[in-house]
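Here's the structure we're looking at; comments come further down.
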Amino acid sequence: MRLLLISPEVQSSTFRFTPKEVRAFWFPRLSLAALAALTPPDVEVRIVDECVEGVNLDEPADLVGISLMTYMAPRGYEIAAAFRSRGTKVVLGGHHPSALPDEAIQHADAVVIGEAEETWPQVIADFKTGRLKKFYRSQARPSLVGLPRPRLDLLKREAYMTANCVQAGRGCPFNCDFCSVTNFFGNTFRLRPVEEVVAEVKALPGNHLFFVDDNIAGNKAYARRLFQALIPLGKKWASQSSLNLAEDPELLALAARSGCSGLFVGIETLSQAALEGVGKSFNRVQRYEECISRFHDHGILLDAGIIFGLDEDDESVFERTVEFLRRNRVGLALFNILTPLPGTALYQRLLREGRIFDRNWAHYDGRHVVFEPRHMTPEVLQEGFYWACHQFCSYRSILQRVLRPQPYFFSRLYVNYAHRRFVARMPKGGITPLSRILSRIPGCIPIKERLDLIIPNAFDALKLQAEKVSGRIESYLKIEIRPIDRLRGLRIELEGAMDKLGARRLLKRIDRLLKKIKMDVVIDCHRLRYATPKALEVLFAQRAQDLFRGARIRILNVHSSLREMLEKFNAPRGLFEISEEETEKIFLRKEK
């Protein structure tokens with residue numbers, strides 16, 4: 001019996017890696033090699049990865065197995081149709097057929113749903129007896145004890161950066177809305193015995209390998225045992241991890257000692273609200289810079305996963321993200337457009353909201369916009385994605401991020417230039433004038449003025465004042481900006497305390513905005529705890545009112561003494577409206 005296992009690739013895609021790029025920074029998917037290991041020894045098995053070689057549609061085979069991620073589905077269905085047209089049986093499996101088995105069975109003779117340890121031997125047995133069923137589904141999550149080693153010998157090893165791929169565990173306890181891992185592998189960790197993993201690593205040729213785990217340090221106790229056991233082997237390895245690995249300095253140091261040279265880390269976004277919106281609140285944006293620095297201190301290359309198009313993202317997200325990655329010298333980054341993969345909570349939510357407009361699965365690769373973003377048009381999101389890719393991979397950016405004392409300098413430089421060649425095939429893209437303005441408004445302004453005479457804006461501020469807190473009550477004025485849904489307006493949110501310097505800089509930023517484009521502006525003081533009289537004098541002086549003329553400025557969430565002071569400044573001109581109403585109610589109210 002001859003079994004052909006295929007991993008398809010979209011043939012006409014701009015984003016398909018060339019053989020040189022695969023050789024520079026890519027590795028094979030482990031699923032087919034693991035499937036081959038589960039196949040009885042009397043079956044002749046061949047693996048074809050379309051990333052590195054073409055599929056011969058006339059190749060003699062008794063049974064064809066095709067593993068599909070969502071963006072591969074159209075190409076996989078095309079291959080399946082070609083083999084079925086001459087009578088060859090085809091089995092589909094992987095993330096996409098598992099999420100949409102009723103669709104997949106329209107293109108195959110059988111569909112394997114979920115993990116295959118229990119079902120694949122049954123598929124082979126049923127095929128041999130001519131009793132192939134339509135669907136195969138495991139009754140329970142398979143144990144990872146005693147798994148056969150993947151048939152890496154069936155891969156074209158020389159075609160990849162490394163073909164040494166090992167899996168130590170499966171599943172993830174987190175449930176991020178956009179991720180298909182939990183749906184496929186479950187929402188808890190299942191772990192292989194450390195001794196089995198180490199024995200497999202030890203048997204691999206060469207000194208480099210990749211752990212394909214979705215979170216290699218997700219179970220810290222297991223990670224400690226694994227890292228400790230890897231130290232004597234003296235091999236270099238890379239994998240994927242959550243950023244909070246850096247919150248455990250001892251475990252991070254142990255990972256470095258065990259040979260960790262690089263980690264793909266899902267940073268996703270610089271907005272804490274956006275992280276909370278997709279169920280990834282365990283990432284703490286305020287800790288990003290310190291965590292990144294800790295990885296660098298241990299010589300670990302960080303490959304940052306970034307998602308554009310989250311519901312909190314506006315047009316400024318592209319420039320802010322690229323600038324953050326450059327400033328923190330992040331070695332690599334994988335930019336993706338938010339993609340509602342079937343089987344995920346995100347897919348179900350956007351489907352309910354009627355926001356998905358593209359059902360071409362080939363576009364579900366993280367490089368195409370297939371849904372309606374909340375705060376920008378699909379065109380702005382697509383163009384901004386292209387722009388960010390080119391900016392991050394510019395010569396200046398590469399040198400800024402890589403040219404520093406660190407291990408593996410030349411290899412990191414080489415990988416960045418390989419990524420640059422890949423990005424060069426993309427359209428140049430661009431960002432709107434508004435996006436440039438918006439990206440320059442947010443920031444933290446340090447307090448210079450002593451807050452001896454403060455005006456409180458909230459109950460907790462009054463309490464602190466009553467306790468006679470000495471020195472500077474707050475050390476900054478934080479400015480954030482958000483678009484207002486369905487309206488041509490912006491909400492500027494203030495946090496901390498505002499002195500004369502902070503007021504001047506805020507005024508300058510608003511002035512810069514209004515000179516470029518006329519928009520309604522809301523200044524939200526909900527998290528502003530204090531302001532000084534001099535700050536209010538600057539913000540609402542005659543010169544400021546002249547700058548704002550022609551635009552509607554609203555002040556929200558002001559209380560007690562601060563409200564009384566604002567009303568005094570507001571009285572002469574009537575340009576500013578102080579309100580505690582919802583923002584949209586203010587703007588949608590009919591003008592008198």
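Residue indices begin at 1 and follow the sequence shown.
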Check step by step if salt bridge (Lys or Arg N to Asp or Glu O under 4.0 Å) holds for E78 and R75. CA-CA 5 Å; E78 178 184 326; R75 175 57 179 164; 2.7 Å; yes

Tell me which one of H368, R367, H363 satisfies side-chain hydrogen bond (donor to acceptor under 3.5 Å, both in side chains) with D365. H368

Test your reading of the model: is there a side-chain donor-acceptor pair from N283 to the backbone of G266, 3.5 Å cut-off? yes

E315 side, atom CD; I431 side, atom CD1 - distance, nearest 0.5 Å: 9.5 Å

Between the side chain of S98 and the main-chain N/O of G114, is any donor-acceptor distance below 3.5 Å? yes

Do the side chains of E289 and R327 get close enough for a salt bridge, i.e. N-O under 4.0 angstrom? yes

Is the Y414-F25 ring centre distance short of 6.0 angstrom? no

Supply the atom-to-atom distance I216 CD1 to C260 SG, rounded to the nearest 0.5 angstrom. 9.0 Å

With a sphere of 6.0 Å drawn around NZ of K156, does it hold more than 12 non-hydrogen atoms of other residues, nucleotides or ligands? no

For the residue pair F308 and F335, is the inter-centroid distance of their aromatic rings smaller than 6.0 Å? yes

With a 6.0 Å cut-off on the ring centroids, do F210 and W237 count as close? no

Assign the ring pair F422 / F15 to parallel, tilted or perpendicular, where the plane angle (0 to 90°) is split at 30° and 60°. perpendicular

Would D303 and R412 satisfy salt bridge (Lys or Arg N to Asp or Glu O under 4.0 Å), going step by step from the backbone distance to the final call? CA-CA 11 Å; D303 188 353; R412 294 179 179 187; over 6 Å; no

Pair Y71 and Y364, ring centroids less than 6.0 Å apart: no

Side chain S411, main chain F409, donor-acceptor under 3.5 Å: no

Euclidean distance, L270 CG relative to E312 CD, rounded to 0.5 Å: 13.0 Å

Would the distance check show the side chain of Q382 and the main-chain N or O of V369 forming a donor-acceptor pair, the cut-off being under 3.5 Å? yes

Can you tell whether the side chains of E115 and R170 come within less than 4.0 Å, N to carboxylate O? yes

Look up atom CG in L204 and atom CG in N164, then write down how far apart they are to the nearest 0.5 Å. 4.5 Å

Measure the CG-CE distance between L381 and M376 for me, rounded to the nearest 0.5 Å. 5.5 Å

Under 3.5 Å, is there a donor-acceptor pair between the side chain of Y222 and the main chain of R192? yes

W387 ring center within less than 6.0 Å of F318 ring center: no

CD (E353) and CG (L350) are apart, to the nearest 0.5 Å, by 6.0 Å

